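Fair warning: this is a prediction, and the values are worked out from it, not measured in the lab.
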Amino acid sequence: MGDFDDLLAANRDYAARFDLAGFDGIAHAGVAIVTCMDSRLDPLNMVGLKAGDAKIFRNPGGRVTSPALEALVLGVHLLGVQRILIIPHTRCAMNLHTEQQLREKVGESAGVDATWQAFGVIDDPIAALEDDVHRVQSHPLIPDTVVVGGFMYDVDTGLLDQKL
Ligand SMILES: [Zn+2]
């Protein structure tokens, strides 16, 4: 107890001006975004959206993993998603290290063996993005009417560069 007091205090302030009650959970802009967990990224604001507008799925690297596909299928069929943006970014830790380096760093931090842990490092960001866009486009439950784009977000300028 107490470890989250600062955040809970902020939450009470948030609730005091909360205006999303009764909201339906549909993606009102028809948008879903798959992007990295990196704290430099603000996925809604970077494309001019706000709470209620989009489905956001984040993981290390912004990869289209099986859980990401589950989220996208649900988004497309049940939650109004018509456009999907896949957004990895420059200077991503998943691209700056090898699998071996990440295992060593985590092992040092944890003080126990981490050589068994997979991290899914990205060797070639553009090739990975091509694979990920293709995984979405070729999914049997995502119709061709859904538009899929692959972008690279520049953490130094805030700009999105469409690659696919
Ligand atoms: Zn990242």
Side-chain angles (χ1 to χ4, degrees), residues 1-97 102 105-106 109-111 114 117-122 125 128-129 132-133 135-136 139 141-142 145-164:
M1 295 291 283
D3 290 343
F4 302 96
D5 284 353
D6 55 333
L7 301 176
L8 288 172
N11 173 253
R12 283 188 288 276
D13 291 342
Y14 174 78
R17 53 181 194 280
F18 184 66
D19 60 2
L20 296 173
F23 189 67
D24 58 14
I26 296 296
H28 280 259
V31 169
I33 297 172
V34 177
T35 193
C36 185
M37 64 189 274
D38 193 297
S39 51
R40 291 170 291 187
L41 276 60
D42 186 353
L44 285 174
N45 273 317
M46 74 166 67
V47 288
L49 299 181
K50 59 186 187 307
D53 283 342
K55 298 294 162 190
I56 311 286
F57 189 95
R58 303 185 73 160
N59 59 27
R63 299 306 310 274
V64 176
T65 56
S66 293
L69 285 167
E70 288 171 19
L72 293 175
V73 168
L74 289 170
V76 164
H77 291 285
L78 305 181
L79 302 165
V81 170
Q82 293 155 332
R83 289 186 292 172
I84 296 171
L85 296 84
I86 316 297
I87 310 181
H89 65 98
T90 59
R91 299 205 281 124
C92 183
M94 302 308 290
N95 175 230
L96 296 178
H97 302 93
L102 280 182
K105 280 173 173 280
V106 170
S109 172
Q117 177 70 58
F119 293 105
V121 300
I122 302 162
L129 183 56
D132 284 350
V133 168
R135 281 196 87 190
V136 179
H139 194 286
L141 294 175
I142 296 182
T145 51
V146 173
V147 181
V148 186
F151 306 79
M152 185 63 65
Y153 176 78
D154 188 326
V155 294
D156 295 302
T157 66
L159 284 171
L160 282 173
D161 182 9
Q162 184 164 12
K163 299 294 188 184
L164 299 157

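- Evaluated for a side chain to side chain contact (heavy atoms under 4.5 Å, CB included) with Arg135, the options Leu69, Ile142, Leu72, Ile86 yield exactly one hit, Leu69.
- Put simply, the side chain of Val76 reaches to within 4.5 Å of the side chain of Ile84, judged on heavy atoms.
- The shortest side-chain heavy-atom distance between Thr90 and Met152 falls under the 4.5 Å cut-off.
- For the residue pair Pro88 and Gly61, the shortest heavy atom distance occurs at CB-O, 3.7 Å.
- By the 4.5 Å heavy-atom criterion applied to side chains, Phe23 and His28 are counted as neighbours.
- Under the 3.5 Å distance criterion, the side-chain polar atoms of His77 are left unmatched by any main-chain donor or acceptor of Val73.
- Looking only at side-chain heavy atoms (C-beta outward), Leu74 and Lys55 stay at 4.5 Å or farther from each other.
- Counting only heavy atoms from C-beta outward, the side chains of Leu41 and Cys36 approach each other to under 4.5 Å.
- Residue Phe4 qualifies as open at atom CZ: its count of foreign heavy atoms under 6.0 Å is 12 or below.
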**OP:** Please test Asp156 against Arg91 for salt bridge (charged side-chain N to carboxylate O under 4.0 Å, His left out), starting from the C-alpha separation and ending with a verdict.
**Re:** CA-CA 9 Å; Asp156 295 302; Arg91 299 205 281 124; 2.5 Å; yes

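- Judged purely by atom type and a 3.5 angstrom limit, Asp53 uses its side chain to pair as donor or acceptor with the backbone of Lys50.
- The shortest non-hydrogen separation linking Ala54 to Leu49 is CB-CD1, 3.9 Å.
- One distance of note links CE of Met46 with CZ of Arg40; it measures 11.0 Å at 0.5 Å rounding.
- Residue Asp132 comes nearest to Gly62 through the heavy atom pair OD2-O, 4.1 Å, listed as atom of the first residue, atom of the second, then distance.
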Between Leu164 and Leu129, is the side-chain contact (heavy atoms from CB on, under 4.5 Å) condition met? List the steps.
CA-CA 8 Å; Leu164 299 157; Leu129 183 56; 3.9 Å; yes

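- In Arg58, the CZ atom is crowded: over 12 heavy atoms of neighbouring residues, nucleotides or ligands sit closer than 6.0 Å.
- Looking at Lys163 and Asp161, a side-chain N of the basic residue comes within less than 4.0 Å of a carboxylate O on the acidic one, giving a salt bridge.
- When every heavy atom of Val106 is checked against every heavy atom of Ala114, the shortest pair comes out as CG1-CB, 4.0 Å.
- Closest approach of Leu44 and Ile56 over heavy atoms only: CD2-CD1, 4.0 Å.
- Taking 4.5 Å as the limit, some side-chain heavy atom of Arg63 sits within range of a side-chain heavy atom of Ile122.
- Between Val81 and Ala27, the closest heavy-atom pair is CG2-CB, 4.1 Å.
- Distance NE2/His89 to OG1/Thr35: 6.5 Å, rounded to 0.5 Å.
- To the nearest 0.5 Å, atoms OH (Tyr153) and CD1 (Ile33) are separated by 11.5 Å.
- By the 4.5 Å heavy-atom criterion applied to side chains, Met94 and Leu102 are counted as neighbours.
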